[in-house]
Amino acid sequence: MASYLTALPHMLHGADYNPEQWLDHPEILQKDIELMKLAGINCVSIGIFAWAALEPKEHDYRLDWLSEIIDTLYENGIYSVLATPSGAKPVWMAHKYPEIRRVNAMRVRDLQGGRHNHCYTSPIYRKKVRQINTKLAERFANHPAVLLWHISNEIQGECHCPLCQEAFRQWLKAKYGSLEQLNHAYWTAFWSHTYTDWSQIESPSPAGETNIHGLNLDWKRFCTAQTVDFFANEIAPLKAANPDLPVTANFMGFYDGIDYWKLLPLMDVVSWDSYPSFHNTDNGDESGNAMWNDAYSDICRTMLGKPYLLMENTPSQTNWHGVCRPKQPGFLRLSSIAHLAHGADSIQYFQFRQSRGSCEKFHGAVVSHSGRTDTRTFQEVSGVGKMLASLDALCGARVPSQTAILYDMENHWAVNDAKGPRNDDIGDTDLFFRFYRPFWQAGIPVDVVNADMDFSAYKLLCVPMLYLLRKETAQRLIAYVKQGGTLILTCHTGVVDEHDLCYLGDTPACGLAALAGVRYLETDPLYDWQHQTMRLTKPPFENMAKTYQLNKLCERIAAEDAKVLAVYDNDNPCEPDGMPVLTCRSEGRGQVYYLAAFAEDKFFADFLLPLAQSLAIEKALPADLPYGVCANQRIAADGTAFYFLQNWTRTPQTIMLPFPLQDVESGRCYQNKLPLPPYGAIIAKPQ
Ligand code: GAL
């Protein structure tokens with residue numbers, strides 16, 4: 001695959017651009033080019049919602065306007081990320097072909113409106129998409145201005161129409177072969193829900209079936225599979241016209257409606273739309289927002305094992321947060337540097353020019369309604385453009401990581417649908433972040449893998465709450481430890497199989513109980529305001545506290561073949577005392593820890609950081625970082641190390657440097673100390 005970098009070997013700086021809203025204002029379109037150049041924009045994402053302008057009447061294709069704009073942009077040094085328009089169907093189409101409109105879980109068909117709401121199964125919509133994509137591909141797939149295909153927009157959602165129901169049944173038939181197998185996998189003898197004919201199977205609905213967990217899980221898998229199939233239909237004409245032009249789809253941070261990982265075999269580049277809720281605390285501590293954002297960036301970088309694109313972020317404010325605070329001075333630069341630090345090869349905005357009407361008219365844009373260039377936003381965007389222009393050497397640079405945390409979508413679905421032991425948020429994502437936080441704070445790079453990825457490259461693998469465990473994953477975890485890996489398992493692991501059926505016998509299942517040397521006994525979930533206590537009996541590392549608080553989910557286990565490092569230490573006589581909470585066992589060349597409860601954040605820092613040190617896991621920058629200060633590293637193709645230093649607090653901070661660094665923008669050198677102003681950030685190289 002040719003890289004988009006072949007055409008444009010620079011960091012991308014761009015924005016969603018919607019000229020279709022301004023076709024009757026040629027002076028504005030002309031002005032846009034001038035403004036883009038001033039802001040240092042070198043690419044635009046174009047055509048995303050332009051179907052009505054591209055095909056105003058059925059089969060009446062009007063691509064000339066788009067062609068002219070793409071050409072003019074190109075003549076001015078601005079490339080295009082060309083979108084397929086399927087994210088918003090035209091009104092005429094929705095009225096002429098009602099079947100393309102989605103049906104919700106209550107079996108009510110949408111009226112025309114909104115976007116991202118077409119049926120993925122409808123043969124008519126698939127045909128229409130193929131036709132328009134063919135036209136776009138014929139015209140633009142070999143156009144030198146086009147860097148990349150942007151498939152649809154924020155692919156999401158599900159449809160419960162009769163076509164989808166039938167496709168679901170066919171998908172189930174192919175998967176299970178017989179109703180007997182399906183009934184067994186779904187445990188339908190429970191409540192007399194046994195199916196006696198395929199036609200009786202319906203998608204989950206609040207008005208009908210929600211109790212068969214295997215069905216719920218399969219429905220999500222089917223929606224994912226149908227989306228992947230729709231995606232394949234979208235890209236077929238594009239790839240036929242030019243197999244080398246890469247495709248991407250813009251993901252939404254931690255969106256869990258479909259399993260994005262399943263789209264990866266069809267994608268050349270991962271991109272995502274990043275909208276953290278900055279400025280929502282009273283103490284100015286932005287580290288929570290930054291950490292959330294960085295974690296999703298790490299997921300996107302890990303997905304294909306290479307840099308991702310930041311496809312959208314707001315240059316100022318959104319229009320859909322509860323309170324839409326604009327990024328305060330300096331925040332655009334700071335958050336852009338954080339993206340570059342975690343593996344982004346672009347900074348792109350939603351949107352270039354602010355719409356005049358409809359529901360996004362108050363969303364921030366590079367160019368606001370005033371059309372002026374002396375706005376703070378325009379100036380800050382131009383500043384980012386200038387910075388990116390000095391970073392050609394960073395294109396494609398990797399983020400080396402020796403640690404991984406597992407976050408798996410099917411597991412997330414299953415554990416959150418489990419009905420017990422804790423229905424007020426079982427906390428799988430919370431536990432993920434308890435692992436992520438100390439690494440993030442200490443500047444230890446982390447990859448985020450799912451259950452299907454290769455674990456062998458990591459020295460340390462943290463597996464929080466892998467409730468849904470496939471035999472095959474368990475075997476790879478066992479092999480990983482035997483070959484020398486350090487694995488951390490936690491409470492609520494290895495409970496159900498891929499059908500969401502509980503494993504019989506000892507758990508964690510599929511050999512993980514034997515691997516960890518522990519056996520599950522019972523779970524004690526706590527209310528949010530409750531806690532229990534763990535006491536370290538054999539502290540694995542010096543400087544750990546004697547006790548730590550436990551909350552949310554406290555599991556009781558028997559340590560049959562493992563060293564007990566910490567035990568429950570509860571005052572309440574009816575709660576367990578002396579039972580294991582943290583254990584360790586060696587197997588082959590590796591070791592496995594089992595943590596039986598949610599521990600407070602301090603435990604994770606006190607335990608994970610010395611563990612990482614004992615495994616010689618490298619920090620991005622070998623320095624102690626003050627609270628809220630991040631340090632990241634990327635290594636360019638020529639071996640140059642880039643360092644990204646960010647201060648997410650409102651106080652000035654100083655980093656004590658292990659070696660001298662030079663600011664890549666200003667050229668300024670720092671020998672021993674690097675001061676960062678409040679919310680300041682710099683990119684540096686060793687001097
Ligand atoms: C994104 C979407 C854009 C725009 C933006 C506003 O989710 O892809 O089209 O609506 O939100 O923040």
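We number each residue from 1, following the sequence as shown. Read the numbers this way: they start at 1 and go in the same order the structure lists the ligands and their atoms. Hydrogens, waters and symmetry mates are skipped; everything else that's a heavy atom, side chains included, is used.
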>> Could you identify the single nearest non-hydrogen protein atom to atom 6 (C) of ligand 1 and state the distance to 0.1 Å?
In response: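 So the nearest neighbour among protein heavy atoms is His363 NE2, 3.1 Å.
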
>> Among all the protein's non-hydrogen atoms, which is closest to atom 10 (O) of ligand 1, and how far away is it?
In response: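 Here the nearest protein heavy atom works out to Glu360 OE2, 2.3 Å.
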
Quick check: [X] and ligand 1, any N/O pair under 3.5 Å apart?
X: Asn153; result: yes
X: Glu312; result: yes
X: Arg115; result: yes
X: Thr318; result: no
X: Asn250; result: no

When you check the gap from the basic side-chain N to the acidic O, do [X] and [Y] get nearer than 4.0 Å?
X: Glu58; Y: Lys96; value: yes
X: Arg221; Y: Asp259; value: no
X: Arg126; Y: Asp229; value: yes

Going by the atom numbers of ligand 1, which of them fall below 4.0 Å from some non-hydrogen atom of [X]?
X: Phe49; value: 9 (O)
X: Glu154; value: 1 (C), 2 (C), 7 (O), 8 (O)
X: Trp320; value: 6 (C), 12 (O)
X: Asp273; value: 8 (O)

> Do Glu286 and Asn280 have side-chain N/O donor and acceptor atoms under 3.5 Å apart?
Replying inline: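 Distance-only check fails for Glu286 and Asn280.
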
> Does a donor on one side chain and an acceptor on the other come within less than 3.5 Å for His412 and Asp408?
Replying inline: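 The answer is no; no qualifying pair exists.
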
> According to the interplanar angle, ranging from 0 to 90°, do the rings of His363 and Phe350 count as parallel (below 30°), tilted (30 to 60°) or perpendicular (above 60°)?
Replying inline: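 It falls in the perpendicular class, over 60°.
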
> Which class fits the ring pair Tyr125 and Trp51: parallel under 30°, tilted 30 to 60°, perpendicular over 60°?
Replying inline: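 If you compare the ring of Tyr125 with that of Trp51, the planes turn out tilted.
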
> Is the number of heavy atoms from other residues, nucleotides or ligands under 6.0 Å of Arg376 CZ greater than 12?
Replying inline: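 Atom CZ in Arg376 is packed in, count exceeds 12.
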
